[in-house]
Structures are given as C-alpha cells and as structure tokens.
Amino acid sequence: MSEVQEAMARTEIGEERQNALQLAQLQFEAAADHLGLSESLRSIMRSFARVIEVAVSVRRDSGQIETFQGYRVQHSDARGPFKGGIRYHPYVTIDTVKALAMWMTWKCALVNIPFGGAKGGVVCDPSQMSQSEIERITRRYTSMIQPNIGPDRDIPAPDVNTNAQVMSWILDTYSENIGHRALGCVTGKPVALGGTLGREGATSQGLSDIITLAVKHLKMDLKDLRIVIQGFGNVGSNLAVICHRLGCRVIGVSDVYGAIVNREGLDVPALMRHVAEAGRVCGFPGAEEIERDDLLEIECEVLAPCALGGAINRMNAERINTRILVEGANGPTTTVGDAILREKGVFVLPDILANAGGVTVSYFEWVQGLQSFFWTEAEVNDRLRTIMEAAFSETVQTAAKGKLSLRTAAHVIGVRRVADALMRLGLYP
Ligand code: NAD
C-alpha cells in the first residue's frame with residue numbers, strides 16, 4: 001500500500017476538510033508510535049485537562065441581546081502554564097479548538113519554552129460587528145473564563161480575527177476584576193500596555209527565519225525565491241513585508257475575498273497601503289486577479305499557507321507546485337494532503353515548527369511583563385532566531401536519524417518532552 005493509500009485508509013476517503021481534531025490525533029499517534037509510548041501515557045496525552053464552554057451573552061448595538069458560544073480548551077500544563085490564542089470566527093468548533101490546543105502543547109515543547117497548550121474561541125463573525133460589540137464580547141468572554149486563566153494558570157494571545165486591541169480589553173477586564181494590573185495575564189498586548197517590541201510580526205519573523213534555514217539546508221538562494229502567500233492577515237502580510245525586505249519576490253497573495261498575482265514580484269509596500277485603504281488584496285493595480293483557491297497551485301519555490309486549516313488536501317495537493325511548503329497557519333495540510341506532498345518530494349516545514357515564533361515572542365513578553373523590565377527589538381529578534389535555529393536543526397536531525405518526515409520529527413521532539421515531564425511529575429493522588 002502506498003503512503004497516500006494508507007493515509008486515505010486512516011481518514012475518511014473523499015473528505016475535503018478533515019476534522020482538525022482527527023488530524024491532530026493522527027499526528028500525535030504517529031509520534032507516540034515512533035517513541036513507543038505506553039498506553040497509559042498516551043491516554044493522558046491525547047486527553048484534554050479541562051474543556052470550558054461558555055455562553056457569551058452581549059447586547060448588540062441595536063439593543064437586542066445575542067448569545068454566542070465560547071470555548072477555552074486547556075490540553076496540558078505538564079511543562080508550565082497553559083498558553084494559546086483566542087480565535088473569533090463563525091467556523092470555530094469545539095474540535096478545532098481542541099486540535100489547536102493540542103498543537104500548542106507540542107509546539108511549546110518543541111521550542112522548549114515552559115508552557116503547556118491551550119486555545120480559545122468564540123463562534124462569531126467580527127466582520128459583521130462594530131468595535132464596541134467586539135469589545136463587549138471580549139469582556140464578557142474574559143469574565144466567564146477568568147477563574148481558569150491568569151499569569152500562572154493560562155495565558156491567552158491573539159489568533160484569527162483577534163489583535164492587540166482585543167488583548168488590551170482582556171488585560172483591562174482581567175485586571176479590573178482582580179483589582180490590580182496583571183501584565184502577565186495575556187500576551188500580544190500593545191507596547192504601550194506592557195507588550196513587547198516585535199510581537200506583532202513575531203510569527204512571520206519566525207517563519208522567515210525557518211525559510212532562511214531551509215533554503216540554506218537545501219542549498220538554494222534567497223534571492224531566487226518566488227513566494228506565494230495564502231492569507232493576508234497578521235501572519236501573511238507581515239511575512240510578505242519581511243520576505244520583500246530580504247530581497248525575495250512575493251509573486252502571489254490571497255485573502256478571503258480573492259487572490260492576486262504578479263510573476264515579476266508584487267510591490268509589497270504599495271500593496272500594504274492598498275490593503276490598509278481597501279480592506280482586501282483585490283483591486284491592487286499592477287497585479288492580475290485570479291480565482292482565490294487557484295493561488296495555491298502557482299509555480300513557486302515557497303508556498304506559505306497563512307489562513308485557516310485544511311487548505312491543502314486530497315482535492316488539490318497533487319497540483320501544488322512548490323519546492324518548500326512553510327505552514328504559517330495551524331493545520332493547513334490534511335493527512336492525505338501531507339502524504340501526497342511527501343510523495344511529490346515537497347520540503348514541508350510543519351506548523352508546530354514554522355509558526356512557533358508567535359508563541360516564543362509571547363513567552364518573551366510574559367517574562368518581560370513579570371519582571372517589568374523590557375528588551376530592545378533587536379534583543380527580541382536575536383533571541384527568537386536562536387530558538388528557531390535550535391528547533392530547526394533538532395527537527396532536521398531527528399528526521400534524518402529516524403527516517404521521519406519533518407512533521408513527525410517535530411512531533412516526536414515535542415511529545416517526548418511532554419512525556420518526560422509527565423513521568424517526572426508522577427500521578428496525583
Ligand atoms: P488574521 O485574522 O489576522 O488573518 C487571516 C487571513 O486569512 C485574513 O487575511 C483572511 O482574509 C484570510 N483568509 C481566511 N480564509 C481564507 C481563504 N479561504 N483563502 C485565503 N485567505 C483566507 O489571522 P492570523 O493571526 O494571521 O492567523 C492566520 C493563521 O496563522 C491561523 O491559522 C492561525 O492559527 C495561525 N497562527 C497565528 C499566529 C499569530 O500570532 N497570530 C501564530 C501562530 C499561528
């Protein structure tokens with residue numbers, strides 16, 4: 001049986017958007033098999049320490065009261081406080097949040113920072129809400145999960161459709177409820193409120209560090225890279241800016257509304273100005289508009305999915321035409337999609353490695369907040385690069401030694417560190 005057939009047998013054949021939790025569980029089991037973990041340890045590690053479901057009732061601007069479903073899932077705190085972003089999106093489900101929480105656990109362990117994994121989400125569509133409605137949702141959601149979060153307990157951060165402003169409201173709500181400012185209760189805050197320099201672009205900075213390392217590893221040249229980026233939010237747009245600055249050609253980008261291409265290279269600073277005004281990439285002069293999802297199939301050296309999960313799957317993986325896939329998004333490649341890419345020889349830099357720059361700089365922010373002592377942007381970026389380099393080389397070595405994909409190797413490192421912590425902790429009572 002080929003790898004692709006095996007992957008199809010393990011998932012539901014024909015399914016385009018694989019359930020994210022199934023994807024995360026299969027990735028965990030592959031690492032656990034390689035490590036020969038006992039069933040006792042696996043049973044702890046595949047479970048979730050705490051799953052919180054809240055009803056977030058808020059008054060809309062119209063006066064009407066509406067109730068939104070909210071979640072906070074805490075997967076593991078074996079290595080430190082729970083840590084993970086908060087997502088506002090109509091497609092948030094409990095399974096997505098669980099998968100994202102589990103990936104956070106392995107990611108923090110892989111880059112060896114003292115956090116566990118968590119994730120939160122509210123099922124809502126911020127594009128249909130005013131800023132004051134988003135503020136009320138944020139404050140109500142924060143209050144409802146407040147007993148289970150805090151600087152030593154669980155530290156939220158931004159994810160899809162949440163940003164530094166949302167983090168400011170979380171900081172304020174949490175602090176008002178306990179009676180004092182608690183800088184360490186959330187990361188991704190604005191610098192004016194105890195955030196760190198470099199956090200806004202941290203995930204993308206880490207992605208570009210990983211691209212640079214991969215390019216060197218593959219004996220390619222940065223200047224020859226044609227880069228395609230799916231998603232033009234925090235991660236995607238900052239990645240475009242950094243790659244442009246490094247002298248690479250960003251030839252195509254997309255957002256939820258559409259995609260644009262210029263094979264000579266997009267003028268990224270001008271594109272940023274256009275997006276700030278128009279709110280979307282389409283309509284940018286000097287680029288051709290194409291079907292949104294066709295963007296993923298453009299010939300390039302680096303493809304960076306930086307939108308949502310399941311983008312590369314059984315339906316399109318065969319037509320992906322890149323040398324390197326660098327996963328800015330969490331879970332962008334399904335089990336079958338991944339097997340197809342491996343057969344095609346694509347160099348896949350998995351999410352828990354590639355996008356770990358965000359949580360790493362969140363860790364720096366947390367440390368600075370707890371000490372009330374702040375670093376320069378150069379210090380932040382240098383420390384980030386050191387961590388990304390160590391994680392990259394450890395992943396490459398583990399893959400070579402065990403004849404594993406980089407994805408399974410990255411999981412093996414993360415899962416092994418968490419298993420070690422669990423064994424040393426013992427079981428209470
Ligand atoms: P964001 O909300 O800032 O941006 C998301 C972007 O994706 C938007 O431009 C949106 O239009 C676009 N998009 C949505 N659906 C799309 C589709 N079908 N096709 C093309 N574009 C689409 O979110 P973000 O913070 O940039 O996060 C993006 C991804 O990166 C998520 O998977 C997130 O979990 C992951 N991630 C984010 C961080 C972080 O620090 N923000 C860290 C690690 C990983």
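Whatever order the structure lists them in is the order used to number ligands and atoms, beginning at 1. Remember, predicted model here, so these are calculated numbers, not experimental data.
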Does CZ belonging to Arg263 count more than 12 external heavy atoms closer than 6.0 Å? no

What are the two closest non-hydrogen atoms of Thr395 and Ala409, and how far apart are they? O-CB, 3.6 Å

Provide, to 0.1 Å, the distance between atom 3 (O) of ligand 1 and the closest protein heavy atom, together with that atom's residue and name. Asn234 N, 2.9 Å

So if I count the atoms of ligand 1 from 1 in the order they appear, which ones are less than 4.0 Å from some heavy atom of Arg87? 31 (C), 32 (O), 33 (C), 34 (O)

For ligand 1, note which part of Cys306 has a heavy atom under 4.0 Å away: side chain, backbone, both or neither. backbone

Against heavy atoms of Ser254, which atoms of ligand 1 measure under 4.0 Å? 20 (C)

For this output row, return yes or no: ring centroids of Phe115 and Phe82 closer than 6.0 angstrom. no

Polar side-chain atom of Arg417 near backbone of Ala109 as donor-acceptor pair, under 3.5 Å: yes

Could you check atom 42 (C) of ligand 1 against the protein and tell me its nearest heavy-atom contact, residue, atom and distance included? Thr203 OG1, 3.3 Å

Taking atom CD as the centre, does Gln368 end up with more than 12 heavy-atom neighbours from other residues, nucleotides or ligands that are less than 6.0 angstrom away? yes

Nearest non-hydrogen contact to atom 29 (C) of ligand 1 from the set Gly328, Ala307, Gly231 belongs to Ala307

Per-atom filter on ligand 1: closer than 4.0 angstrom to a heavy atom of Gln230 are 19 (N), 20 (C)

Closest non-hydrogen protein atom to atom 11 (O) of ligand 1, residue and atom name please, with distance? Val256 N, 2.9 Å

Output the list of atoms in ligand 1 that are nearer than 4.0 Å to some heavy atom of Asn330, sorted by atom number. 32 (O), 33 (C), 34 (O), 35 (C), 36 (N), 44 (C)

re atom 33 (C) of ligand 1, the protein heavy-atom contact at minimum distance is Asp159 OD1, 3.2 Å

What distance do Leu23 atom CG and Phe28 atom CZ have between them, rounded to the nearest 0.5 Å? 14.0 Å

Using a strict cut-off of 4.0 Å, indicate which atoms of ligand 1 neighbour a heavy atom of Phe232. 6 (C), 9 (O)

Is it true that atom CZ of Arg59 has more than 12 heavy atoms of other residues, nucleotides or ligands lying nearer than 6.0 Å? no

Take a 6.0 Å sphere around CD of Glu291 and say whether it holds more than 12 heavy atoms from other residues, nucleotides or ligands. no

Tell me which one of Ile352, Asp255, Leu308 gets a heavy atom nearest to atom 21 (N) of ligand 1. Asp255

Among Lys344, Arg407, Arg314, which residue meets the salt bridge (Lys or Arg N to Asp or Glu O under 4.0 Å) test with Asp338? Arg407

Please work out, at 4.0 Å between heavy atoms, whether the side chain, the backbone, both, or neither of Arg199 comes within that distance of ligand 1. side chain

Measure the distance from atom 4 (O) of ligand 1 to every protein heavy atom, then report the residue, atom name and distance (to 0.1 Å) of the closest one. Gly233 CA, 3.2 Å

Those atoms of ligand 1 less than 4.0 Å from some heavy atom in Asn161: 2 (O)

Can you tell me how far apart CD (Glu3) and CD1 (Ile340) are? Round to the nearest 0.5 Å. 11.0 Å

